[in-house]
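Quick note: numbers below take in every heavy atom, side chains included, and nothing from hydrogens, waters or symmetry partners. Counting convention: from 1, in listed order, for ligands and their atoms alike.
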Amino acid sequence: MLAEPFYWHPGMWKMLIVVMCVALLGCLQAQELQEHVSIILLGATGDLAKKYLWQGLFQLYLDEVGRGHSFSFHGAALTAPKQGQELMAKALESLSCPKDMAPSHCAEEKDQFLQLSRYRQLKTAEDYQALNKDIEAQLQHAGLREAGRIFYFSVPPFAYADIARNINSSCRPGPGAWLRVVLEKPFGHDHFSAQQLATELGSFFQEEEMYRVDHYLGKQAVAQILPFRDQNRKALDSLWNRHHVERVEIIMKETVDAEGRTSFYEEYGVIRDVLQNHLTEVLTLVAMELPLNVSSAEAVLRHKLQVFQALRGLQRGSAVVGQYQSYSEQVRRELQKPDSFHSLTPTFAAVLVHIDNLRWEGVPFILMSGKALDERVGYARILFKNQACCVQSEKHWAAAQSQCLPRQLIFHIGHGDLGSPAVLVSRNLFRPSLPSSWKEMEGPPGLRLFGSPLSDYYAYSPVQERDAHSVLLSHIFHGRKDSFITTENLLASWGFWTPLLESLAHKAPRLYPGGAENGRLLDFEFSSGRLFFSQQQPEQLVPGPGPAPMPSDFQVLRAKYRESPLVSAWSEELISKLANDIEATAVRAVRRFGQFHLALSGGSSPVALFQQLATAHYGFPWAHTHLWLVDERCVPLSDPESNFQGLQAHLLQHVRVPYYNIHPMPVHLQQRLCAEEDQGAQIYAREISALVANSSFDLVLLGMGADGHTASLFPQSPTGLDGEQLVVLTTSPSQPHRRMSLSLPLINRAKKVAVLVMGRMKREITALVSRVGYEPKKWPISGVLPHSGQLVWYMDYDAFLA
Ligand code: BG6
């Protein structure tokens, strides 16, 4: 065979160019590593700086300077130069070197680091301009090229905006160099304030310039979760799911209390301080789908966000809260409150979280944290189910083989009896693989952890323990964004926690004495989507905040409203009562007619009902239930705004209703939304007539809007309030304006109509509608009067007790 003559094919030119570009890029990157980095620590004399940041910066210097980087460190604060310089010198006194460094070498390095560190006052716009000039002059003088600048905001959030404005207007590095601003929590107080803060910061910095710190992401055991899952994919792939995981516990217990920082703590409490951030971050790392490439920051952040999207909404019953007994006294003293003041701020919380996706559906994730507890320890514990039966007696069980011993994997964040970060894997699970920076460890003899002797675990700890901030500083330096909180993730987290925080705002926490004396007082249990203290509310140790609960608080009130039966209770009891009533109606209908036709409303009120039906009603005859929609927004069914989507997310995906029994409204036909000529309303009406005897639903669930609307029948609606039509197109005053709705005449043919009304926002309309007669044009809800069926009102106390 003749060899092809060698010639430069055009594709080869292209390849050569690509290779040259890659090489050039490599050179540029290599060169970038030689460049100068200025680090400006704002709040350089504060607590965090003294305790962790200066040491972290020194460690960064030790790690990177040997690789050819040059640095300058600018400690900054509002304090005048002389005094600031002194304070900073104090903060720098206690720098320490790694254990294996010779003392003389250590002294030399420290000396050089101190030479590179200068204090400067940063107060006015001119101060920032002067800083910029100094950095530029220094670069020029030493003939250095600038790689970038890191501004570390170790200051309270109220100072952020001013600093951000000044940096943005006068301290940005020149073209080709990066800017990284590092922010410490709190990042807001709830979803709204977090959004405001994010918008404000977003007006000064690009998303990629911001590094929001959650120091738990720098804890070695936490930072190891993803690499561990990646390196042990083979063993974990089949285990990391609802079929094998019994539950996940994410715990941070502290012995300290909030004394000395009640001015902060009183505003935040344990959920905002720890659960919303540290524990939620750990949860996402455990629960997220593992990206193919765990070192891709973009993929990691995207997968984390997906976890938030799958979190089931929290309700008041998802959490228990406590407060150590001396807390209110500390607040009174530190914040000069009157003797009568009792705080409602929780210092302890346990929350049951569910993730509604295929991997984790049904697996309880318990998040718990508290101050003044009996020990200081943090961990994420994944407890696996044990479905094995061992025939031989226990004395023949061997830790490595017996499937009957507990099977668990623990990312031990720190402290506790073990006293260090660790990864523990039950020997009967698998032998894990860890990077060389982790070594097999031995604990004190006789140590038992999580119910088993340490010898039952493969146990690993880091070769060299590192403080979280120093790990994160290194990640900032290397631009590893996956160790930080993006705006999107932050808002998703607040979006998840804010409703719970609001619902707990007036709840009196259980008082506990603190430390070992807590006994079993804070023990809790969970079932059917709710979490509760194991022991009944004990005698208050001191008079509790707020009025004592009345027995009537816990009863379901029965009365009449607009001449029809009314059931009223606190929202959770109300929902569970309504769910029971629906189930009973369904069971009766199926017994008599072989099927149950249920028409459901959308919106936020029924969400808790759907969740209740999905989790706690095992006797519900779903296989014989037909589900219809009371109304729909004219958006695609997959749109989050769609009522069907809410039904799908909170109910359908958890229960087994045959597909052919599910009847979404046809709002999206011929790729158009609610076009008259597509006759969607008529199609739905025909479907109802064909399947529902006499077009009479067994049960219609309605809500009541603050303007008196029900279904999508709004005041003055030209359609749907009377006439022959069963299903109509209507217009809503709020977006999306176009709707499809069952008509009043159709609703009134139902055998039973339940109207669910919840929340304070409904107080006024509830009071008004109680007084008006039949005036559907003004208040469509007043036209709900089933001809031969029954109408029952379900109202929570917030809506009803006006
Ligand atoms: C902080 C909280 O974020 O984390 C403190 O504000 C808490 O209240 C601290 O004590 C716990 O962190 P670590 O690193 O000591 O576990």
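- Among His278, Glu184, His469, the residue whose heavy atom lies nearest to atom 4 (O) of ligand 1 is His278.
- Numbered from 1 in the order shown, with element, the atoms of ligand 1 that lie under 4.0 Å from a heavy atom of Glu254 read 7 (C), 10 (O), 11 (C).
- Side-chain contact between Lys337 and Ser343 is absent, with no heavy-atom pair separated by less than 4.5 Å.
- The ligand atoms of ligand 1 that sit less than 4.0 angstrom from a heavy atom of Lys219 are 13 (P), 14 (O), 16 (O).
- For the pair Val351/Trp497, a side-chain contact is recorded, criterion being any heavy-atom separation below 4.5 Å from C-beta on.
- Salt bridge annotation for Asp190-Arg272: absent, with no cationic side-chain nitrogen under 4.0 angstrom from a carboxylate oxygen.
- Between Phe205 and Phe153, the angle of the ring planes goes over 60°, which puts this pair in the perpendicular group of the 30/60° scheme.
- Atom numbering of ligand 1 starts at 1 in the shown order; those under 4.0 Å from a heavy atom of Met252 are 11 (C).
- The six-membered or imidazole ring of Phe228 lies away from that of Tyr460, with a centre-to-centre distance of 6.0 Å or more.
- Remark: minimum distance from atom 16 (O) of ligand 1 to any protein heavy atom is reached at Tyr216 OH, 2.5 Å.
- Counting heavy atoms closer than 4.0 Å to ligand 1, residue Lys253 contributes nothing at all.
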Start with the C-alpha gap between Leu434 and Gln224, add the side-chain angles, then the distance that decides, and say whether side chain to side chain contact (heavy atoms under 4.5 Å, CB included) holds. CA-CA 9 Å; Leu434 275 101; Gln224 189 50 220; 4.2 Å; yes

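- Among the atoms of Tyr265, none of the N or O lies under 3.5 angstrom from an N or O of ligand 1.
- In this pair, His215 and His469 present their aromatic rings parallel. The plane angle is below 30°, not in the 30 to 60° band.
- The contact set between ligand 1 and Asp273, taken as ligand atoms under 4.0 Å from a residue heavy atom, comprises 2 (C), 5 (C), 6 (O), 8 (O).
- Nearest to atom 12 (O) of ligand 1 by heavy-atom distance, out of Arg376, His215, Lys185, is His215.
- Checked against a 6.0 Å centroid threshold, the rings of Phe524 and Phe526 do not count as neighbours.
- In summary, the atoms of ligand 1 found under 4.0 Å from a heavy atom of Lys371, numbered by their order in the structure, are 5 (C), 7 (C), 8 (O), 10 (O).
- The side chain of Arg261, and not its backbone, has at least one atom closer than 4.0 Å to an atom of ligand 1 (non-hydrogen atoms only; side chain from C-beta on).
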